[in-house]
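First the structure, in the form of structure tokens, and then the observations on it.
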Amino acid sequence: MKTIVLKFGGTSVGSIERISAVAKIIREAKKEAFPIVVVSAMSGETDRLINLANEIHENPPKREFDALISTGEKVSAALLAMSLNKIDVPSKSYSAAQISMRTTSQFSKAKIINIDFTRIEEAIQNNFVPVITGFQGITDDGDVTTLGRGGSDTTAVALAAAMKSLRCDIYTDVDGIYTTDPNVVPEAKKLDRITMEEMLELSGQGAKVMQVRAVEFANKYKVPVRVLSSFTSGAGTLISLEEPDMDTMEKAVVSGIAFQKDQSKFTFQGVKDSPGIASSILGPIAAEGIEVDVIIQNISNDGKTDFTFTVSSTDRKTVEAICNDQLQDLDYDNLLIDNNVGKVSIVGVGMRTHAGIASRAFQALARASINISMISTSEIKITLVINVDDVNNAVQVLHSEFELEK
Ligand code: ADP
Ligand code: ASP
Ligand code: MG
């Protein structure tokens with residue numbers, strides 16, 4: 001039987017009224033293909049649980065932390081299944097444990113390894129719409145894990161890949177993917193399509209409309225994904241699996257701007273410049289599953305250099321602990337930690353064939369008196385590290401510099 005995965009985010013299931021509205025969307029979708037539903041916790045719930053954990057323990061045990069913050073999804077899944085039954089759409093909710101959604105054992109950053117879809121198939125055969133908790137998994141030992149903030153997107157795309165579904169529809173509070181966050185730049189333009197490659201960069205650089213791991217899954221298993229609103233009707237944005245044609249590439253040099261505010265910058269000043277320095281600093285951090293982003297090593301002076309990198313603020317405490325414990329023997333003068341940093345990234349496949357995008361961006365920011373502290377580039381992306389207070393302004397300035405509203 002043909003299936004379609006429908007994922008509903010926090011605001012889409014944020015109240016009893018919203019859950020009832022979502023049930024009707026599912027009933028409609030059932031006319032196209034058999035729905036497999038994935039839900040997030042009701043909006044604000046995961047934050048509430050995280051705050052509770054932090055109130056009770058300054059560094060909560062990771063296993064218990066995940067056991068706690070995964071509970072919100074059980075509530076919304078069961079409520080939505082009830083709501084579906086009420087409108088005569090037979091439905092059953094399932095937790096990650098009930099469908100053996102196996103993950104690695106890195107709590108709060110777990111990766112999906114395998115899904116046993118016997119129970120999902122059984123439900124479908126008996127005409128029950130399965131409503132599955134997003135964001136959570138279980139280890140081989142049966143412990144509950146979570147997939148990182150925004151992880152329900154990944155649950156949904158992974159299920160669509162495993163079930164070879166027609167498509168994965170990500171229902172959220174905006175009506176598609178925009179040139180940048182429409183809540184920051186009201187002039188942002190909705191895109192009808194975006195390439196997988198661009199979406200990978202936008203999500204990777206902080207556009208939280210989809211978790212980057214979800215986009216990676218979609219790319220790897222060639223799952224067509226659509227992002228659309230559960231509040232208003234409309235076709236949303238299709239993340240296209242096809243290569244863009246040259247016409248659109250020539251037209252849109254920059255397709256979007258992403259940003260991230262919650263960043264921490266670590267600088268080791270006066271590190272001895274010898275082979276293996278980067279790996280001795282970054283190795284232990286990578287071993288914790290922490291993603292290190294912009295990395296800069298300065299030209300050395302007297303055999304010493306400065307080594308700087310950024311991580312997400314959620315990883316700050318762990319990185320600090322690594323610096324104090326595992327990097328004790330590292331030879332350096334000072335360690336500076338700056339928590340007031342943010343990142344802005346310009347993304348576009350068209351940048352590949354156009355020179356001068358970076359200098360245009362630098363000039364526009366200079367005119368707005370925004371200071372750039374780090375720069376990193378790839379073929380289709382330029383990332384700038386700036387003061388966190390300048391992020392919104394920088395996004396606006398760059399959005400209008402590249403005329404993305406047009
Ligand atoms: P959900 O709870 O449905 O998963 P999220 O809050 O995780 O929703 O993601 C949707 C939000 O992503 C939007 O409200 C918007 O503020 C933000 N966002 C960031 N970048 C973009 C973008 N380029 N296009 C659309 N939304 C974006
Ligand atoms: N509820 C989780 C979170 O707030 C997962 C998700 O929304 O996708 O991060
Ligand atoms: Mg989300």
Side-chain angles (χ1 to χ4, degrees), residues 6-14 18 22 38-51 65-66 68-77 96 108-110 132-137 145-158 168-192 194 198-215 225-232 234 236-237 239 254-261 312 314 343-348 391-392 395 398-399 404-405:
L6 312 180
K7 179 257 170 178
F8 296 92
T11 34
S12 300
V13 293
R18 292 314 309 159
V22 159
V38 173
V39 284
S40 294
M42 294 169 82
S43 61
E45 179 62 5
T46 311
D47 285 334
R48 187 184 76 86
L49 296 167
I50 291 174
N51 288 337
F65 186 76
D66 276 14
L68 175 73
I69 70 166
S70 60
T71 57
E73 272 70 12
K74 278 193 136 181
V75 173
S76 47
S108 298
K109 293 181 193 305
I132 295 157
T133 52
F135 180 53
Q136 54 175 260
T145 54
T146 61
L147 309 178
R149 296 307 302 267
S152 300
D153 297 329
T154 304
T155 309
V157 179
C168 181
D169 280 350
I170 306 281
Y171 281 90
T172 181
D173 57 359
V174 282
D175 61 353
I177 297 161
Y178 280 69
T179 46
T180 192
D181 188 340
N183 290 317
V184 171
V185 181
E187 298 78 32
K189 203 177 74 184
K190 201 201 107 197
L191 304 166
D192 292 330
I194 186 166
E198 285 169 321
M199 198 57 216
L200 274 170
E201 293 285 13
L202 281 181
S203 290
Q205 294 308 317
K208 73 164 181 166
V209 62
M210 256 187 96
Q211 200 197 37
V212 65
R213 293 211 25 88
V215 189
V225 174
R226 199 163 61 133
V227 173
L228 67 173
S229 168
S230 68
F231 293 77
T232 54
T237 302
I239 306 180
V254 173
S255 343
I257 297 174
F259 59 90
Q260 247 167 329
K261 292 189 178 170
S312 156
T314 45
K343 283 188 320 189
V344 178
S345 304
I346 307 166
V347 172
V391 167
N392 281 12
V395 174
L398 294 170
H399 197 271
L404 299 184
E405 67 284 355

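Both ligands and their constituent atoms are indexed starting at 1 by order of listing. Here the structure is a predicted model, which means the values were calculated and not measured.
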Quiz item: Can you list the residues that meet the salt bridge (Lys or Arg N to Asp or Glu O under 4.0 Å) rule with K190, with sequence neighbours excluded?
Solution: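 Only D192 meet the salt bridge (Lys or Arg N to Asp or Glu O under 4.0 Å) criterion with K190.
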Which ligand 1 atoms, with their elements, are less than 4.0 angstrom from a heavy-atom of [X]?
| X | answer |
| --- | --- |
| K7 | 4 (O) |
| I177 | 24 (N) |
| G9 | 1 (P), 2 (O), 3 (O), 4 (O) |
| A207 | 20 (N) |
| N183 | 14 (O), 15 (C), 16 (O) |
| T180 | 22 (C), 23 (N) |

Quiz item: Considering residues at least two apart in sequence or located in another chain, which fulfil the side chain to side chain contact (heavy atoms under 4.5 Å, CB included) criterion with S229?
Solution: D175, F231, T232
Practice problem: Would you mind running through ligand 2 and noting each atom that sits below 4.0 Å from a heavy atom of R149? | Solution: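 Close to R149: 3 (C), 4 (O), 9 (O).
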Self-check item: Numbering as shown, the atoms of ligand 2 that approach E73 to under 4.0 Å (heavy-atom distance)
Solution: 1 (N), 2 (C), 5 (C)
Quiz item: Is P182 touching ligand 1 with its side chain, its backbone, both, or neither, if touching means heavy atoms under 4.0 Å apart?
Solution: side chain
Exercise. Please work out whether any backbone atom (N, CA, C, O) or any side-chain heavy atom from C-beta onward of V174 is under 4.0 Å from ligand 1, and answer side chain, backbone, both or neither.
Key: side chain
Tell me, which protein residue and heavy-atom name are nearest [atom], and how many Å apart are they?
| atom | answer |
| --- | --- |
| atom 25 (C) of ligand 1 | G176 O, 3.5 Å |
| atom 17 (C) of ligand 1 | D181 OD2, 3.6 Å |
| atom 7 (O) of ligand 1 | K208 O, 3.4 Å |
| atom 2 (O) of ligand 1 | G10 N, 3.0 Å |
| atom 24 (N) of ligand 1 | Y178 N, 2.9 Å |
| atom 8 (O) of ligand 1 | T172 OG1, 3.1 Å |

Practice problem: Any chance you could lay out the side-chain hydrogen bond (donor to acceptor under 3.5 Å, both in side chains) test for Q205 and S345, step after step, and finish with the verdict? | Solution: CA-CA 7 Å; Q205 294 308 317; S345 304; 3.3 Å; yes
Quiz item: How long is the span from the CZ atom in R149 to the CD1 atom in I69, to the nearest 0.5 Å?
Solution: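 That separation rounds to 7.0 Å.
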Backbone or side-chain N or O of [X] under 3.5 Å from ligand 2 N or O:
| X | value |
| --- | --- |
| S40 | yes |
| F135 | no |
| K7 | no |

Practice problem: Please report the closest heavy-atom contact between G9 and S40, naming both atoms and the distance. | Solution: CA-OG, 3.6 Å
Quiz item: Which atom pair, heavy atoms only, marks the closest approach of V39 to E73?
Solution: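 Looking at all heavy atoms of both residues, the shortest contact is O-CG, 3.4 Å.
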Exercise. Have a look at V347, D173, L202 and point out the one with the heavy atom closest to atom 10 (C) of ligand 1.
Key: D173
Self-check item: Evaluation steps, side-chain hydrogen bond (donor to acceptor under 3.5 Å, both in side chains), between T146 and D66
Solution: CA-CA 6 Å; T146 61; D66 276 14; 3.1 Å; yes
